[in-house]
Asks: 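I have a structure I would like to understand better, so I am pasting it below and will then ask my questions one at a time.
Keep in mind that this is a model prediction, so the values were computed, not measured.
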Amino acid sequence: RHDVEDNVHWVGEISQTTGAAGPSGATCIAAVPTNYRPKVNYAAAGSWISSTSVAKGSVVFRVNTDGTVLLLWPSATANGDRFSFNVKVPLGNIA
């Protein structure tokens, strides 16, 4: 959601449902609308837990200027892993 200070708040959880994945990350399939895109690429930390709620580490939640949203992780994931984030992204429209 947008706030009055020119930020977008991203809150949510994404589940790994495609089996195992190697280290690196994933990009969303569709870009977010223009009014949700920051003027510079923005990254923030998120949490990574297994399907049984065991902490596995951190992920990077990133929103790019082209509207793509990425999750980046350091090691292999398993089916059912969950990535959570609560991020306030400054859009950069206010000087």
Side-chain angles (χ1 to χ4, degrees):
R1 73 178 165 79
H2 284 212
D3 69 17
V4 296
E5 298 175 333
D6 193 40
N7 301 299
V8 172
H9 293 258
W10 293 85
V11 179
E13 184 173 85
I14 297 174
S15 295
Q16 169 78 347
T17 59
T18 58
S24 69
T27 305
C28 73
I29 294 172
V32 297
T34 303
N35 59 335
Y36 289 85
R37 298 176 185 181
K39 299 286 185 208
V40 297
N41 294 338
Y42 188 86
S47 65
W48 173 17
I49 60 174
S50 72
S51 61
T52 57
S53 298
V54 174
K56 293 186 81 174
S58 296
V59 296
V60 173
F61 176 84
R62 180 172 162 159
V63 182
N64 292 321
T65 58
D66 65 359
T68 54
V69 178
L70 290 81
L71 280 175
L72 308 167
W73 52 79
S75 57
T77 65
N79 196 47
D81 282 2
R82 298 187 316 262
F83 308 99
S84 300
F85 45 89
N86 185 347
V87 178
K88 180 169 64 171
V89 177
L91 296 178
N93 297 313
I94 297 176

Asks: Do V60 and I14 share a hydrophobic cluster, counting only Ile, Leu, Val, Met, Phe, Trp and Tyr and linking them when any side-chain heavy atoms are less than 4.5 Å apart?
Replies: no

Asks: List the steps, then state whether side-chain contact (heavy atoms from CB on, under 4.5 Å) holds for F85 with V59.
Replies: CA-CA 9 Å; F85 45 89; V59 296; over 6 Å; no

Asks: Should N93 and K39 count as side-chain neighbours, where that means a heavy-atom distance under 4.5 Å?
Replies: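 In contact.
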
Asks: What pair of heavy atoms forms the shortest contact from N35 to V8, and how long is it?
Replies: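 Shortest heavy-atom contact: O-CG2, 4.4 Å.
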
Asks: Can you name the closest pair of heavy atoms from P74 and W48 and give their distance?
Replies: CD-CZ3, 3.8 Å

Asks: What's the shortest heavy-atom distance between Y42 and V89, and which atoms?
Replies: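 Scanning both residues, the minimum pair turns out to be CD2-CG2, 3.7 Å.
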
Asks: Please determine which of S50, S47, S51, S53 meets the side-chain hydrogen bond (donor to acceptor under 3.5 Å, both in side chains) test together with R82.
Replies: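 Exactly one pass, corresponding to S53.
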
Asks: Looking at F83 and Q16, what are the two nearest heavy atoms and their distance?
Replies: CE1-CB, 4.4 Å

Asks: If I take atom OG1 from residue T65 and atom CG from residue L91, how far apart are they, to the nearest 0.5 angstrom?
Replies: 12.0 Å

Asks: Can you tell me how far OH of Y36 sits from NE2 of H9, rounded to the nearest 0.5 angstrom?
Replies: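 It is 12.0 Å, given to the nearest 0.5 Å.
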
Asks: Quick check: closest heavy atoms across P90 and P38, and the distance to 0.1 Å?
Replies: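 That closest heavy-atom pairing would be O-CB, 3.7 Å.
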
Asks: Testing the basics here: between R37 and D66, what is the closest heavy-atom pair and its distance to 0.1 Å?
Replies: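 It is CZ-O, 3.3 Å.
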
Asks: Hey, any chance V63 and L72 share a hydrophobic cluster, counting ILVMFWY side chains that come within less than 4.5 Å of each other, even indirectly?
Replies: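 Unlinked, V63 and L72 end up in two clusters.
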
Asks: If you define the side chain from C-beta out and look only at heavy atoms, does anything of W10 sit under 4.5 Å from V69?
Replies: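 Yes; the side chains approach each other to less than 4.5 Å.
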
